[in-house]
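Computed from a predicted structure; not experimentally measured. No hydrogens, no waters, no symmetry mates; every other heavy atom, side chains included, goes into these values. Just so we're on the same page: letters track the sequence lines, and every chain starts at 1.
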Number of protein chains: 2
Amino acid sequence: MSGNACVNGGCVLSNKPNISDAEWQVMHVIWERQPVTAQAIIAALDEQVDWSGATIKTMLHRLVKKKVLRYQREGNRYLYRARVERSESLRQESQSFLDRVFGGEAAPLLAHFVQSGDLTEAEIETLRKLLEQAGGDS
Amino acid sequence: MSGNACVNGGCVLSNKPNISDAEWQVMHVIWERQPVTAQAIIAALDEQVDWSGATIKTMLHRLVKKKVLRYQREGNRYLYRARVERSESLRQESQSFLDRVFGGEAAPLLAHFVQSGDLTEAEIETLRKLLEQAGGDS
DNA sequence: TAAATACATTTACGTCTGTAAACGATTGAT
DNA sequence: ATCAATCGTTTACAGACGTAAATGTATTTA
């Protein structure tokens with residue numbers, strides 16, 4: 001995914017923390033249940049993916065290094081918490097996706113998803129209202 | 001981005017070709033102007049990014065290897081063409097993004113972009129119509 | 001207190017990616 | 001025909017990622 005700038009045959013992280021594919025799965029669990037132990041995270045993910053506990057611990061470690069997570073010792077184990085807000089991460093990742101794949105054009109992206117047909121009637125209604133608000137503002 | 005499954009300490013490509021961040025930039029140019037030479041691609045990208053020609057050639061090479069591009073010799077140089085349709089790539093990448101970041105929920109994603117406020121009045125109108133169609137279908 | 005258990009930390013390894021220089025082949029010009 | 005310019009191919013390298021085993025450390029149990 002995005003977020004790294006490279007020079008001189010090497011790559012460095014950009015200012016914004018970038019959460020990898022697999023790491024997003026971990027973050028979803030953490031945002032939902034924080035503060036949470038590695039155990040609980042592993043248990044929660046066990047229903048969704050097929051990773052060994054060691055793998056998830058590696059991710060936790062990397063997320064801490066990236067300053068996306070922080071932890072608090074609690075006896076033997078850690079309690080993990082997010083250091084970045086879910087909404088902010090969504091925003092950044094969405095913007096990066098929009099730029100990368102849709103060249104920054106929000107309308108085609110929206111059209112794409114609206115036409116994908118995954119929306120329920122209620123969702124459509126909600127969006128209609130949101131669109132009205134968006135229209136009124138300008 | 002997504003698309004690789006790993007086993008045994010190694011990673012292998014999944015069935016779907018995955019286009020990296022930087023590669024998307026190249027692909028946008030190609031979809032717009034194909035068939036197109038490396039020269040033209042490099043020239044077009046020169047206005048947008050700060051990569052050396054060599055870098056872009058590497059990407060072209062990798063995209064060919066990934067079977068995202070094909071080429072046709074034309075004397076000394078190649079004419080590059082996409083082997084995958086833009087719309088199909090958008091679809092796949094969008095789906096993967098939706099799953100990864102929004103847990104597969106299209107409505108929150110759409111709400112997010114509608115509220116981002118980047119839409120013009122005309123775009124809002126267009127989307128309103130699309131929503132009506134989407135609603136009528138179900 | 002010693003052994004077993006449960007955690008976290010370190011090490012590992014192959015692939016992908018960003019970035020580009022070096023090298024080889026082909027073509028155009030003199 | 002040879003030299004220079006052009007274009008594609010190979011090689012390079014460091015960081016990120018997916019995946020996980022091995023190792024070290026602290027806690028619980030016998």
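Contact check, Lys66(B) against dT17(C): a side-chain N or O comes under 4.0 Å of OP1 or OP2. Under 4.0 angstrom from either OP1 or OP2 of dC7(D) there lies at least one side-chain N or O belonging to Gln39(B).
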### Query
Should Gln39(A) and Arg77(A) be marked as a side-chain hydrogen bond (donor to acceptor under 3.5 Å, both in side chains) after you check the CA-CA gap, both sets of side-chain angles, and the distance that decides it?
CA-CA 9 Å; Gln39(A) 253 329 297; Arg77(A) 52 177 169 272; over 6 Å; no

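Checked by distance alone, Arg62(B) brings no side-chain donor or acceptor within 3.5 Å of a matching partner on the base of dT15(C). In this model, no side-chain donor or acceptor of Ser20(A) finds a partner on the base of dA16(D) within 3.5 Å.
Rounding to the nearest 0.5 angstrom, the gap separating the CD atom in Glu93(A) from the CZ atom in Phe97(A) is 10.0 Å. Distance check, rounded to the nearest 0.5 Å: CG of Asp21(A) to OG of Ser96(B) gives 6.0 Å. Put simply, CD1 on Ile56(A) and CG on Asp46(A) are 7.5 Å apart, with the number rounded to the nearest 0.5 Å. For the atom pair CE (Met59(A)) and NE2 (His61(A)), the distance works out to 14.0 Å, reported to the nearest 0.5 Å.
Out of dA20(D), dC7(C), dC17(D), the shortest distance to the side chain of Asn18(A) is found at dC17(D). With dG8(D), dT19(C), dG18(D) as the candidates, the nucleotide lying closest to the side chain of Ala22(A) is dG18(D). Among the nucleotides dT19(C), dA8(C), dG18(D), the one closest to the side chain of Tyr78(A) is dA8(C).
The CD1 atom of Ile41(A) sits 18 Å away from the P atom of dA6(C) (whole-angstrom rounding). The distance from atom NE2 of His61(B) to atom C1' of dA12(D) is 15 Å, rounded to the nearest whole Å. Taking atom CG of Leu63(B) as the reference point, atom C1' of dC16(C) lies 13 Å away to the nearest angstrom.
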### Summary
Readout for nucleotides 23-30 of chain C: B = base within 4.0 Å of protein heavy atom, S = sugar-phosphate only, - = neither; 5' to 3' it is ---SS---

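A heavy-atom distance below 4.0 Å to DNA chain D is reached by these residues of residues 42-57 of chain B, ordered by number: Lys57(B).
Classified by interplanar angle (parallel below 30°, tilted 30° to 60°, perpendicular above 60°), the ring pair His112(A)/Phe102(A) is perpendicular.
Across all strands shown, Thr37(A) has no heavy atoms under 4.0 Å from either base or sugar-phosphate atoms.
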